[in-house]
> 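One structure coming up, written as structure tokens, with questions to follow.
Note that ligands are numbered from 1 as they come in the structure, with each ligand's atoms numbered from 1 the same way.
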Amino acid sequence: MFAAYATHADLDDPLSALRIGEQPEPDIPEGWVRVKVSHASLNRHDLFTLRGITAHPEGIQFPIILGNDGAGTLDDGTPVVIYPVLGSEDWRDDETLDPRWHILSEFMPGTFADNIAVPKRNALMLPEGLSGLHASILGTAWLTAYRAIFTKSNLRPGQTLLVQGASGGMSTALIQLGRAAGLEIWATSRSPNGRELAERLGAHRTFGANEALPGKVQAVVDNIGQASWEHSLASLARGGSVIVTGGTTGFDVRVPLLRLISDQITICGSIMGTLQDMKDMIAFIAGAGIVPEIGTVLPMERSEEAFRAMWEGRTRGKTVFTR
Ligand SMILES: NC(=O)c1ccc[n+]([C@@H]2O[C@H](COP(=O)([O-])OP(=O)(O)OC[C@H]3O[C@@H](n4cnc5c(N)ncnc54)[C@H](OP(=O)(O)O)[C@@H]3O)[C@@H](O)[C@H]2O)c1
């Protein structure tokens, strides 16, 4: 079957490890289902896989079909969206705390293919009004944004959330979800285009990257890492929280302990979300009338263009591949 996959890892030249071609059809074990992929979306995680950066110390077995997120149809034609977190068969607590957790395209083939096999519970029926196109961006960036705001931030309507790096996939989700949740949204971007996009999606105020803010915020979601870390901490009010969800520019940062203690700052990591978070998010999106922002739609055969744009820092919002 057709697939976009990684043959190996290359930290400095990830595109050299990307192949668009043929891969074997997936086996469908007992209790799993086949999803014929109609739409799949690109995440920074796919670039990390090509670069060999992974949260799993055992590393990734290549070749591996890329793609965390997707939507499509079951063999009987039922439209579904994929929840990308997998783990122990008998784990029924918070899926992100399962010691054996992983996501699609780490130890199992991902969504950039004609067909994918997933456990039955990972294929969620699409509700009325949610298209495969829009559903295909929800599994990773949107789910992480939802959990960061609704489970981790402790923010109440009217309080201010700073979103670092406005134009990214997760950041656009943070802006749309946060605005709909009644938060005051401030966002930073390296570019005027990023700031314009943030304002169109509902940000109340926007700033340049690392620009001093006119006031302190109650929470920051930072997925940029090294390049924005000091700004994130400096922007926090006493008692505030920084929710760390990524390290696009690097993971090595300094933690000023004295400031943490004296200002009672919380630093909190967050990864993906539970199956229930995904269901709650889908219901929230429908209830709030949110149309998840999509930057680019491309046939999967042209996925290399999108990988290159992400590697060169030229993406705006989510990119969806169609089959
Ligand atoms: N914790 C989790 O479960 C989870 C889930 C999804 C993603 N992540 C992580 O979150 C991060 C963002 O993921 P994403 O899919 O939203 O990526 P993305 O679409 O590529 O967005 C990255 C954003 O970071 C900002 N940025 C600032 N400095 C940058 C630089 N030097 N190079 C590139 N971008 C820079 C950009 O915003 P401006 O252009 O507006 O400045 C950019 O749009 C990644 O590190 C990813 O691995 C984590």
> Checking the side chain of S88 only, and the main-chain atoms of D90 only, is there a donor and an acceptor separated by less than 3.5 Å?
no

> Could you label the plane-to-plane angle of the H56 and W101 rings as parallel, tilted or perpendicular, counting under 30° as parallel and over 60° as perpendicular?
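Because their plane-to-plane angle lies in the 30° to 60° range, the rings of H56 and W101 count as tilted.
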
> For ligand 1, is there an N or O atom under 3.5 Å from any N or O atom of S171?
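N/O-N/O distance below 3.5 Å does not exist for this pair.
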
> Which ligand 1 atoms are under 4.0 Å away from a heavy-atom of S189?
38 (P), 40 (O), 41 (O)

> Any chance the rings of F62 and Y5 have centres within less than 6.0 Å?
no

> Within this structure, what is the OG-CD1 distance for the pair S136 and I294, rounded to the nearest 0.5 Å?
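Answer rounded to 0.5 Å: 6.0 Å.
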
> Just which atoms of ligand 1 are under 4.0 Å from any heavy atom in T249?
28 (N), 29 (C), 30 (C), 31 (N)

> Regarding ligand 1, does S167 bring an N or O atom to under 3.5 Å of one of the ligand's N or O atoms?
yes

> Does S270 have a non-hydrogen atom less than 4.0 Å from ligand 1?
yes

> Is it true that H134 and S131 share a donor-acceptor pair across their side chains at a distance under 3.5 Å?
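Side chains of S131 and H134: pair found under 3.5 Å.
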
> If Ile, Leu, Val, Met, Phe, Trp and Tyr residues are connected whenever their side-chain heavy atoms lie under 4.5 Å apart, and connections chain through other members, are M281 and V81 in the same group?
yes

> Angle between ring planes, F48 versus F251, binned at 30° and 60°: parallel, tilted or perpendicular?
tilted

> Over 60° means perpendicular and under 30° means parallel, so tell me whether F107 and H102 are parallel, tilted or perpendicular.
tilted

> Decide whether the shortest distance between a heavy atom of G247 and an atom of ligand 1 is less than 4.0 Å.
yes

> Do M170 and L66 belong to the same hydrophobic cluster, where Ile, Leu, Val, Met, Phe, Trp and Tyr are linked whenever their side-chain heavy atoms lie under 4.5 Å apart, directly or via other members?
no

> Determine, considering heavy atoms only, which of A145, G194, G168 sits nearest to atom 22 (C) of ligand 1.
G168

> In Å and rounded to the nearest 0.5 Å, what is the CD1 to OG1 distance from I103 to T96?
12.0 Å

> I271 heavy atoms, cut-off 4.0 Å: which ligand 1 atoms fall inside?
1 (N), 2 (C), 3 (O)

> Taking non-hydrogen atoms only, is Q164 closer than 4.0 angstrom to ligand 1 via side chain, backbone, both or neither?
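No part of Q164 is near ligand 1 at this cut-off.
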
> Just to be sure I'm reading this right: ignoring hydrogens, which of R314, M170, M272, R190 gets closest to atom 3 (O) of ligand 1? Compare them by their nearest heavy atoms.
M272

> With heavy-atom distances below 4.5 Å as the criterion, would you say the side chains of V33 and D75 are in contact?
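Not touching, per the 4.5 Å side-chain cut-off.
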
> Would F48 count as a polar contact of ligand 1, with the cut-off being nitrogen or oxygen pairs under 3.5 Å?
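No; every N/O pair is 3.5 Å or more apart.
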
> Got the closest protein heavy atom to atom 15 (O) of ligand 1, with its distance?
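Result: R44 N, 3.2 Å.
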
> Which heavy atom of the protein is the closest neighbour of atom 19 (O) of ligand 1, given with residue, atom name and distance?
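Looking only at protein heavy atoms, the one closest to atom 19 (O) of ligand 1 is G169 N, 2.8 Å.
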
> Heavy atom under 4.0 Å from ligand 1: found in N223's side chain, backbone, both, or neither?
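Answer for N223: both.
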
> Can S191 be said to touch ligand 1, with heavy atoms closer than 4.0 Å?
no

> Does the pair E304/R308 count as a salt bridge with the N-to-O cut at 4.0 Å?
yes

> In terms of atom number and element, which parts of ligand 1 are under 4.0 angstrom from non-hydrogen atoms of G246?
9 (C), 10 (O), 45 (O)

> Considering non-hydrogen atoms of the protein only, which is the closest contact for atom 24 (O) of ligand 1, and what is the distance?
I224 CG1, 3.8 Å

> Identify the closest protein heavy atom to atom 4 (C) of ligand 1: which residue and atom is it, and at what distance?
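Nearest neighbour among protein heavy atoms for atom 4 (C) of ligand 1, to 0.1 Å: T245 O, 3.5 Å.
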
> T140 heavy atoms, cut-off 4.0 Å: which ligand 1 atoms fall inside?
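Matching atoms, with element in brackets: 5 (C), 6 (C).
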
> Between R323 and E301, does the salt bridge (charged side-chain N to carboxylate O under 4.0 Å, His left out) criterion hold? Intermediate values first, please.
CA-CA 8 Å; R323 278 306 290 147; E301 288 85 348; 2.9 Å; yes

> At under 4.0 Å between heavy atoms, which part of T248 makes contact with ligand 1: side chain, backbone, both or neither?
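Both backbone and side chain.
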
> Just to confirm my output: which protein heavy-atom neighbour is closest to atom 2 (C) of ligand 1, and how far is it?
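Of the protein heavy atoms, T144 CG2, 3.4 Å lies nearest.
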
